[in-house]
Amino acid sequence: QKEVEQNSGPLSVPEGAIASLNCTYSDRGSQSFFWYRQYSGKSPELIMFIYSNGDKEDGRFTAQLNKASQYVSLLIRDSQPSDSATYLCAVNSGGYQKVTFGTGTKLQVIP
Amino acid sequence: DTAVSQTPKYLVTQMGNDKSIKCEQNLGHDTMYWYKQDSKKFLKIMFSYNNKELIINETVPNRFSPKSPDKAHLNLHINSLELGDSAVYFCASSPPGTGDEQYFGPGTRLTVT
């Protein structure tokens with residue numbers, strides 16, 4: 001069974017620090033990788049996607065992909081209390097537009 | 001200007017009843033999905049439709065039946081509701097050729113008593 005694994009946390013970081021969220025996946029054929037943010041009681045919101053090995057930066061967010069090691073990570077620089085949420089890693093692991101989600105990592109940014 | 005909308009937002013019903021959840025997207029996307037998020041927050045795909053055609057049908061009891069009258073709408077009908085059906089159900093859509101970026105509706109919290 002294709003899996004996407006994340007540490008459930010909570011991951012606590014002080015305000016202004018870098019938060020590092022990690023995700024591993026089992027299907028070597030996976031092509032597309034996504035990070036979603038989900039606030040409590042709200043729906044998942046796409047914040048980053050990455051297709052190629054290496055880093056992709058968007059504002060305070062950086063997604064990192066290493067297909068050889070089968071991991072994808074999300075770095076949040078200058079963490080803010082408003083970043084406190086659950087971050088879901090998602091991977092296209094099954095073919096035609098089928099995305100598998102990890103169980104999410106809860107991030108707490110302490111003021 | 002809601003992109004993906006769902007109705008109702010909350011649904012409380014008794015075991016054995018039949019209920020429907022409706023979803024609409026005004027993004028012009030071709031593909032729509034139903035997900036179930038349980039109490040442990042695990043988000044699991046149930047169905048996917050592309051241009052009204054069923055693409056993904058995961059291992060879901062046949063009490064769940066999706067219907068797509070057009071590519072902007074995807075409804076979910078659930079027969080003979082059970083306690084284990086209690087969850088938040090999310091509708092999502094994605095544009096063609098973008099590697100599966102998905103845009104979620106606000107969710108429907110279903111409680112079966």
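Throughout, protein chains are lettered first and strands after them, A, B, ... in sequence-line order, and every chain is numbered starting at 1. Remember, it's a predicted structure, so these values are computed and weren't measured experimentally.
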With clusters defined by side-chain heavy atoms of hydrophobic residues (ILVMFWY) lying less than 4.5 Å apart, directly or transitively, does [Y] cluster with [X]?
| X | Y | result |
| --- | --- | --- |
| B/Val112 | B/Val60 | yes |
| A/Val99 | B/Met32 | no |
| A/Ile50 | A/Tyr25 | yes |

- [ ] Give a yes or no on this: more than 12 heavy atoms of other residues, nucleotides or ligands lie within 6.0 Å of atom CD of A/Glu57.
- [x]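 Atom CD in A/Glu57 is crowded, with more than 12 foreign heavy atoms closer than 6.0 Å.
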Open item on the list: Taking NZ in B/Lys36 as the centre, count heavy atoms belonging to other residues, nucleotides or ligands within less than 6.0 Å. Is the count above 12?
Closed with: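 More than 12 heavy atoms, drawn from other residues, nucleotides or ligands, come within 6.0 Å of this atom.
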Task: Value rounded to 0.5 Å, distance of CZ in A/Phe101 from CD in B/Gln102 - done: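 It comes to 5.0 Å.
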Task: Smallest separation among heavy atoms of A/Phe34 and B/Glu101, with atom names - done: CE2-N, 3.7 Å
Task: Option that, when pairs with chain A are counted at under 4.5 Å, heavy atom only, ranks first among B/Phe42, B/Phe104, B/Phe90, B/Tyr103 - done: B/Phe104
Task: Partner chain B: residue of A/Ala90, A/Gly104, A/Pro44, A/Gly102 with the largest heavy-atom pair count (under 4.5 Å) - done: A/Pro44
TODO: Please answer whether the main-chain N or O of B/Gly107 pairs with a side-chain N or O of A/Ser43 as donor and acceptor at a distance below 3.5 Å.
DONE: no
Open item on the list: Does any part of the side chain of A/Gln38, heavy atoms only, come nearer than 4.5 Å to the side chain of B/Lys41, both counted from C-beta?
Closed with: no
